[in-house]
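Throughout, protein chains are lettered first and strands after them, A, B, ... in sequence-line order, and every chain is numbered starting at 1.
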Protein chains: 2
Amino acid sequence: MSETTQMLKGILDGCLLAIIKEGEIYGYELAAKLESYGFRSLSEGTIYPLLLRMQKEGLISATLRKSTAGPKRKYYTLTEKGERELKLFIGRWEQVSSSVDNVLNKRGI
Amino acid sequence: MSETTQMLKGILDGCLLAIIKEGEIYGYELAAKLESYGFRSLSEGTIYPLLLRMQKEGLISATLRKSTAGPKRKYYTLTEKGERELKLFIGRWEQVSSSVDNVLNKRGI
DNA sequence: GTTAAATACCTTGCAATACAAGATATATAC
DNA sequence: GTATATATCTTGTATTGCAAGGTATTTAAC
């Protein structure tokens, strides 16, 4: 297991929501986009199950479309519930990341 | 399970190392310190197993001392291996947190 | 037309870890 | 002796990233 694996837990789902909010996108493209944002190569074994889970939870919805080169693509968009969850995620992230930064910079609140 | 629980995975151990590096400290005190840095009440069921694990891995070492009010305290200090691990953690944290910030601020590298 | 490569998606099972719940022990104050 | 605050540990559960392996489609090369 990679060293950053544990660190991504509870973070990846929010990042996917944030990217999907920018505009309709399909899984394969998402993986590339995450890498462009600085995430080290995330495997499909990570992304596809996550997307399915979030779809089942009603955070995102999917529509199939034909591709110009390959099998059908599954395009995802954010639902209202997904937008609310994204806001909650951002709040949690700000709380946690500022706490960590406080610890690393050695100053209390 | 709390919402931030998953987000703390792979982050807490590094934060403990960073606090222990500041100076000898025991578990009970550590919990209070974490809260002062902004972490919401972390239970002892989280902290003590983590400390034991890190001790077993040789990242920290412990000495028992009498307390003025209560049972003996177990004071922890950082080992050399722990210092190296702390540096690695900081590198991982900077990589991951900047990636997340990139996603949330919607700008690629 | 068959083969190869790139695209695109899914499933199963494992490993790691935060935490709830419960247990134990010491010292002080009443 | 009883209550309270201090201080530590153990067991079991839930969640989730990911490796490994599988399937299907389109285009291009041979």
Integer-rounded Å distance: [N] [atom2] and [X] [atom1]:
X: A/Asp13; N: D/dA14; atom1: CG; atom2: C1'; result: 15 Å
X: B/Ile47; N: C/dA20; atom1: CD1; atom2: P; result: 11 Å
X: B/Glu57; N: C/dA16; atom1: CD; atom2: C1'; result: 11 Å
X: A/Leu30; N: C/dT7; atom1: CG; atom2: P; result: 16 Å
X: A/Tyr28; N: D/dA24; atom1: OH; atom2: C1'; result: 14 Å
X: B/Leu51; N: D/dA7; atom1: CG; atom2: C1'; result: 12 Å
X: A/Glu29; N: C/dT7; atom1: CD; atom2: P; result: 12 Å
X: A/Arg53; N: D/dC18; atom1: CZ; atom2: P; result: 13 Å

Query raised in the report: Taking only side-chain nitrogens and oxygens of A/Tyr48, does any of them come within less than 4.0 Å of OP1 or OP2 of C/dT11?
Result: no
Query raised in the report: When you check the phosphate oxygens OP1 and OP2 of C/dC9, does a side-chain N or O of A/Tyr26 lie under 4.0 Å from one of them?
Result: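 So the side chain of A/Tyr26 is outside the cut-off, no N or O lying under 4.0 Å from OP1 or OP2 of C/dC9.
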Charged N to carboxylate O under 4.0 angstrom, [X] versus [Y]?
X: B/Arg65; Y: B/Glu24; answer: yes
X: A/Lys33; Y: A/Glu29; answer: no
X: A/Glu85; Y: A/Lys81; answer: no

Report task. Would you sort out whether A/Glu83 and A/Lys21 count as a side chain to side chain contact (heavy atoms under 4.5 Å, CB included), showing the intermediate values? Result -> CA-CA 8 Å; A/Glu83 292 226 38; A/Lys21 186 193 161 84; 2.9 Å; yes
Query raised in the report: Is any side-chain heavy atom of A/Lys87 less than 4.5 Å from a side-chain heavy atom of A/Arg84?
Result: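 They are not in side-chain contact.
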Query - Side-chain heavy atoms of A/Leu42 within contact of A/Leu12, under 4.5 Å - result: yes
Query raised in the report: Hey, which of these two, A/Gln6 or A/Leu64, hits DNA chain C nearer its 5' end, going by closest nucleotide?
Result: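 Going by which nucleotide is closer to the 5' end, it is A/Leu64.
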Query raised in the report: With respect to the side chain of A/Glu44, which nucleotide from C/dC9, D/dC9, D/dA19 is positioned closest?
Result: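 That would be C/dC9.
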Report task. Among the candidates D/dC9, D/dC18, C/dA16, find the nucleotide nearest to the side-chain atoms of B/Lys9. Result ->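 In terms of side-chain proximity for B/Lys9, the closest of D/dC9, D/dC18, C/dA16 is C/dA16.
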Query raised in the report: With nearest nucleotides of DNA chain D determined for B/Gln55 and A/Pro49 from heavy-atom distances, which residue corresponds to the more 5′ nucleotide?
Result: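 Result of the comparison: B/Gln55.
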Query raised in the report: How is B/Gly45 classified with respect to the nucleic acid when contacts are heavy atoms under 4.0 Å: base, sugar-phosphate, or nothing?
Result: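 The answer is base, as B/Gly45 lies within the cut-off (heavy atoms under 4.0 Å) of a base atom.
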Report task. Using a 4.0 Å heavy-atom cut-off across all strands, classify B/Thr46 as base, sugar-phosphate, or nothing. Result ->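 Result for B/Thr46 = base.
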Just by distance, do the side chain of [X] and the backbone of [Y] share a donor-acceptor pair under 3.5 Å?
X: B/Gln95; Y: A/Gly38; value: yes
X: B/Ser67; Y: B/Arg73; value: no
X: B/Thr4; Y: A/Arg92; value: no

Query raised in the report: Do B/Ser61 and B/Thr79 have side-chain atoms, one donor and one acceptor, less than 3.5 Å apart?
Result: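 There is no such pair between these side chains.
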Query raised in the report: Taking a pair as Watson-Crick (N1 to N3 plus N6-O4 or O6-N4) or G-U wobble (N1-O2 and O6-N3), both under 3.5 Å, which stems of 3 or more consecutive pairs involve DNA chain D?
Result: C:1-30 with D:1-30
Requested in this report: Strictly below 4.0 Å, heavy-atom distances to any atom of DNA chain D: list the hits from residues 65-79 of chain A, or just say none.
Outcome: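 Contacting residues: A/Thr68, A/Gly70, A/Pro71.
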